[in-house]
Amino acid sequence: MTGKTYALDYLELLAKDYPTIQSVSTEIINLKAILNLPKGTEHFISDLHGEYESVLHVIKSASGVIKNKIDDLYVNTLSESERKLLATIVYYPEQKLYYLKQKGELTDEWYSLTLLRLVELCRMASSKYTRSKVRKAMPEDFAYILDELLHTEDTEINKHDYYMRIISSIIEIGRADAFVIALANLIRRLSIDHLHILGDIFDRGPRPDIIMEELMNHHSIDIQWGNHDIEWIGAASGNDALIANVVRNSLRYNNLDVLEIGYGINTRTLANFANKTYGDDPCENFLPIDWQRKSIKTRDTLLTAKMHKAISIIQFKLEAHIIESHPEYEMDERALITHIDYEKNTVCTDGKTYPLSDTHFPTVDVGNPAMLTDEEQKVISSLRRSFLHSEKLRKHIRFLITKGGMYKVYNDNLLFHGCIPMDETGEFETVSFFDVPLKGRDYLDHADKIVRNIYLSGSEDSESDFLWYLWCGKNSPLYGKDSYRIFERYFIDDENTHKEKKNNYYEHIEKVSVCQKVFDDFELAKDVSHIINGHVPVRTGKGESPIKADGRLFVIDGGFSRPYQITTGIAGYTLINNSYGFSITAHEPFTGLSDVLEKDFDLHSSRTIIDIKAKRRQVKDTDIGKNITGRIGVLTELLEAYKKGLLREHIK
């Protein structure tokens, strides 16, 4: 390096962006000012389960925050109906404008008033961000006009006419609709600075693919994988057992649209096989369930039931092979298709013998129950080809891998979907089927690395089997239960056999001392940190609180999934962390987009303040602030190098 230090070489590279004392000084001043702005607002949601209408509404409405801002601004000047209309325009500008246009309600006066109100609301939403950050968030076509309007008060005597002329010109040249849409999009973007998704985007609900498209368009997001997400990652990686699980789940909830329309998965081979093999079988236990847990028998649902049974049997066979190939998983008791007494039509589980409620197994070889027939092999091979060749699925899973992980530490908070496996005493459970025993954070880090390697680098089937273990294994941090009881639900009437015991984590984590042990393992400060996870529905209707361990733990699975709303009593939670502290919002069921557009219906939500800080948190108190502080340090070195003559300014 001929006498230069490495630091000076680096400063020379940095000097290309800051070629003068003035430019580097300006940047240091700017960054130090940013550190003293209020921190951005984070939103946390979990267990979305394909409920795209309600999830998208929660995101578009910023969990009710936007309506609150509208109320704060206009409670004394606009009626409740006018404020609701304005909120709907922010949430769904294209659809609401079309609806109002069809009713003939869009006049120049309406546009003028609406644009003025949206500008004022946008000004309020942008108030805690730098002008530069707001400008970068603006659509390019309207950036200059928006910047002028947001930073020019219409009450300023010298600029009032200028301000109003901008508004009238937008209307006169026919750009009012486009400008309303641009303002609405900017308000929504500024209302959620960062979005955390704590897992289980997929399964149960109708269209997780629509949710994925929305998440991919979000400006700042991270995802903590849930077991249902890992199931889809494994299916997209070509693991046959997880492909069967994905298809079975879709059939169970009568959600073939996500496969066929959402991802172009061809299920015709399965349908033909099921119709031929189970033609006379009523498949009563496999009728798809609706949200009231009733079955409706039609020609289509009878075919769905046959497909459901066919893929379930294939799944149980494939899982038995995995269990046999991996004795280290210690899951032999879960290979129940090999534990059936086919003469007595009984099965043994948990040391007891139960009669089977369905005894028709036309594809099972009693001598080798886990062996697929040739036709079953053709079915799973056809499905595998479809999963591996779905371009849209590949795009979505790649996004899950890129933005996701087993856990995330963000602004002193630890985020993960399920649990950190623990033993009966509350110590971290050791998993011994890797090269070295692992537990706690080390286990999650290793699992994270394996998932990425399997999807990004490809793997042998035996390696991708670990994704199946993460989906349903007894010490999986994503599954969080002792055993996977799907077989029992289909074939044993005794509901006691359907119960899945939760991992010891859930018993111990509500103790403050155990939370602190977790903080130690992840090197987090005990006095300010929180654990945030989902996975286990909170029974709000029965008085259970999502706030646990004296406020150190938040469990935010509130039941976006409609089947679980019977359990939770609500329809989802949003945890919000802004500069003042934490609050949690409980959402009522969403009745549909048509109600919003026609009646300006908004999702009713109740907000609970959890933890208000005596001192408002600033950017300098966040992870971004730490990065900015580091950058200021490097820029200060560059400034000193200029002043000492170690580097020469480049003045044009």
Side-chain angles (χ1 to χ4, degrees), residues 199-203 223-249 314-335 370 380 384 387-388 393-394 397-398 400-402 404-408 416-422 428-484 486 500 503 505 535:
D200 279 1
I201 298 165
F202 290 90
D203 287 337
I223 299 169
Q224 289 67 61
W225 300 321
N227 58 314
H228 288 269
D229 306 317
I230 283 292
E231 173 205 25
W232 278 77
I233 291 172
S237 303
N239 183 280
D240 288 346
L242 290 175
I243 289 170
N245 268 283
V246 164
V247 176
R248 178 189 58 78
N249 260 321
I314 291 172
Q315 172 190 317
F316 297 140
K317 290 182 177 184
L318 292 167
E319 290 178 338
H321 277 292
I322 291 177
I323 291 167
E324 182 181 3
S325 301
H326 296 278
E328 69 274 19
Y329 292 170
E330 298 179 350
M331 292 178 65
D332 180 64
E333 75 283 357
R334 291 292 89 212
I380 199 66
R384 188 193 315 118
F387 273 85
L388 291 176
L393 179 60
R394 190 182 308 117
I397 299 303
R398 184 80 179 213
L400 265 185
I401 295 292
T402 303
M406 293 292 293
Y407 70 90
K408 189 171 187 67
F416 54 88
H417 174 71
C419 72
I420 301 172
M422 293 181 177
F428 295 130
E429 186 76 65
T430 299
V431 175
S432 302
F433 49 74
F434 299 110
D435 293 337
V436 294
L438 296 170
K439 61 183 179 179
R441 182 181 185 176
D442 290 339
Y443 176 27
L444 269 63
D445 284 337
H446 192 70
D448 190 288
K449 183 172 68 174
I450 291 176
V451 173
R452 294 180 197 283
N453 182 63
I454 287 171
Y455 185 75
L456 297 174
S457 303
S459 66
E460 299 294 329
D461 287 344
S462 60
E463 293 174 327
S464 71
D465 288 345
F466 180 63
L467 299 183
W468 175 84
Y469 182 86
L470 287 175
W471 154 243
C472 64
K474 68 177 183 178
N475 279 323
S476 162
L478 303 182
Y479 182 56
K481 299 175 186 176
D482 69 333
S483 58
Y484 180 60
I486 295 298
E500 297 162 339
N503 186 272
Y505 165 89
H535 189 52

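Model, not experiment: these values are computed from the prediction.
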Checklist entry - Please walk me through it: do Ile420 and Lys439 pass side chain to side chain contact (heavy atoms under 4.5 Å, CB included)? => result CA-CA 8 Å; Ile420 301 172; Lys439 61 183 179 179; over 6 Å; no
Item to check | Minimal non-hydrogen separation, Leu470 against Asn227, with atom names | outcome: O-CB, 4.1 Å
Next on the checklist: Between Asp448 and Met406 (side chain of the first, backbone of the second, donor and acceptor by atom type, cut-off under 3.5 Å), is there such a pair?
Outcome noted: yes
Checklist entry - Which residues satisfy the ring pair (Phe, Tyr, Trp, His ring centres under 6.0 Å) test with Tyr479, sequence neighbours excluded? => result none
Next on the checklist: With side chain to side chain contact (heavy atoms under 4.5 Å, CB included) as the criterion, how do Leu467 and Asn239 come out once you've worked through the C-alpha distance, each side chain's angles and the decisive distance to 0.1 Å?
Outcome noted: CA-CA 8 Å; Leu467 299 183; Asn239 183 280; 5.8 Å; no
Checklist entry - Is a side-chain N or O of Arg452 found less than 3.5 angstrom from the main chain of Ile401, in a donor-acceptor match? => result yes
Next on the checklist: Is it the case that the side chain of Asp229 and the backbone of Leu400 share a donor-acceptor pair, with hydrogens and angles ignored and the cut-off at 3.5 Å?
Outcome noted: no
Checklist entry - Say you draw a straight line from NZ of Lys317 to CD1 of Ile322; how long is it, rounded to the nearest 0.5 Å? => result 15.0 Å
Checklist entry - Trp468 and Ile323: which non-hydrogen atoms are nearest, and at how many Å? => result CH2-CG1, 3.7 Å
Next on the checklist: Could you check whether any side-chain N or O of Arg334 sits under 3.5 Å from a backbone N or O of Tyr484, counting only pairs where one atom can act as donor and the other as acceptor?
Outcome noted: yes
Next on the checklist: Test side chain to side chain contact (heavy atoms under 4.5 Å, CB included) on Leu318 and Leu242; report intermediate values, then the result.
Outcome noted: CA-CA 9 Å; Leu318 292 167; Leu242 290 175; over 6 Å; no
Next on the checklist: So, taking the atom named CG in Leu393 and the one named CG in Leu388, what distance separates them when rounded to the nearest 0.5 Å?
Outcome noted: 9.0 Å
Checklist entry - Once you round to the nearest 0.5 Å, how far does CD of Glu500 lie from CD1 of Ile486? => result 6.5 Å
Checklist entry - Out of curiosity, Asp200 CG to His228 NE2, how far, rounded to the nearest 0.5 Å? => result 5.0 Å
Next on the checklist: For Val247 and Phe387: C-alpha separation, side-chain torsions, deciding distance, then whether side chain to side chain contact (heavy atoms under 4.5 Å, CB included) applies.
Outcome noted: CA-CA 11 Å; Val247 176; Phe387 273 85; 4.0 Å; yes
Checklist entry - Would you say the side-chain atoms of Ser476 pair up with the backbone N or O of Cys472, donor to acceptor, closer than 3.5 Å? => result no
Checklist entry - Are Phe434 and His446 close enough that their ring centres sit under 6.0 Å apart? => result yes
Item to check | Pair Trp232, Asp203: side-chain N/O donor-acceptor within cut-off below 3.5 Å | outcome: yes
Checklist outcome for this item: Rounding to 0.5 Å, atoms CD (Glu429) and SG (Cys419) come to a distance of 10.0 Å
Checklist entry - Does any donor atom in the side chain of Tyr329 or Asp465 lie under 3.5 Å from an acceptor atom in the other side chain? => result no
Item to check | Residue pairs fulfilling salt bridge (Lys or Arg N to Asp or Glu O under 4.0 Å) with at least one residue in residues 322-331, sequence neighbours excluded | outcome: Glu330-Lys474
Checklist entry - Under 3.5 Å, is there a donor-acceptor pair linking the side chains of Glu319 and Asn245? => result yes
Next on the checklist: With rounding to the nearest 0.5 angstrom, report the CD1 to CD distance, Ile243 to Gln315.
Outcome noted: 12.0 Å
Checklist entry - Under 4.0 Å between a Lys/Arg side-chain N and an Asp/Glu carboxylate O for Asp445 and Lys449? => result no
Next on the checklist: Counting the benzene-type ring for Trp, do Tyr443 and Phe428 have ring centres under 6.0 Å apart?
Outcome noted: no
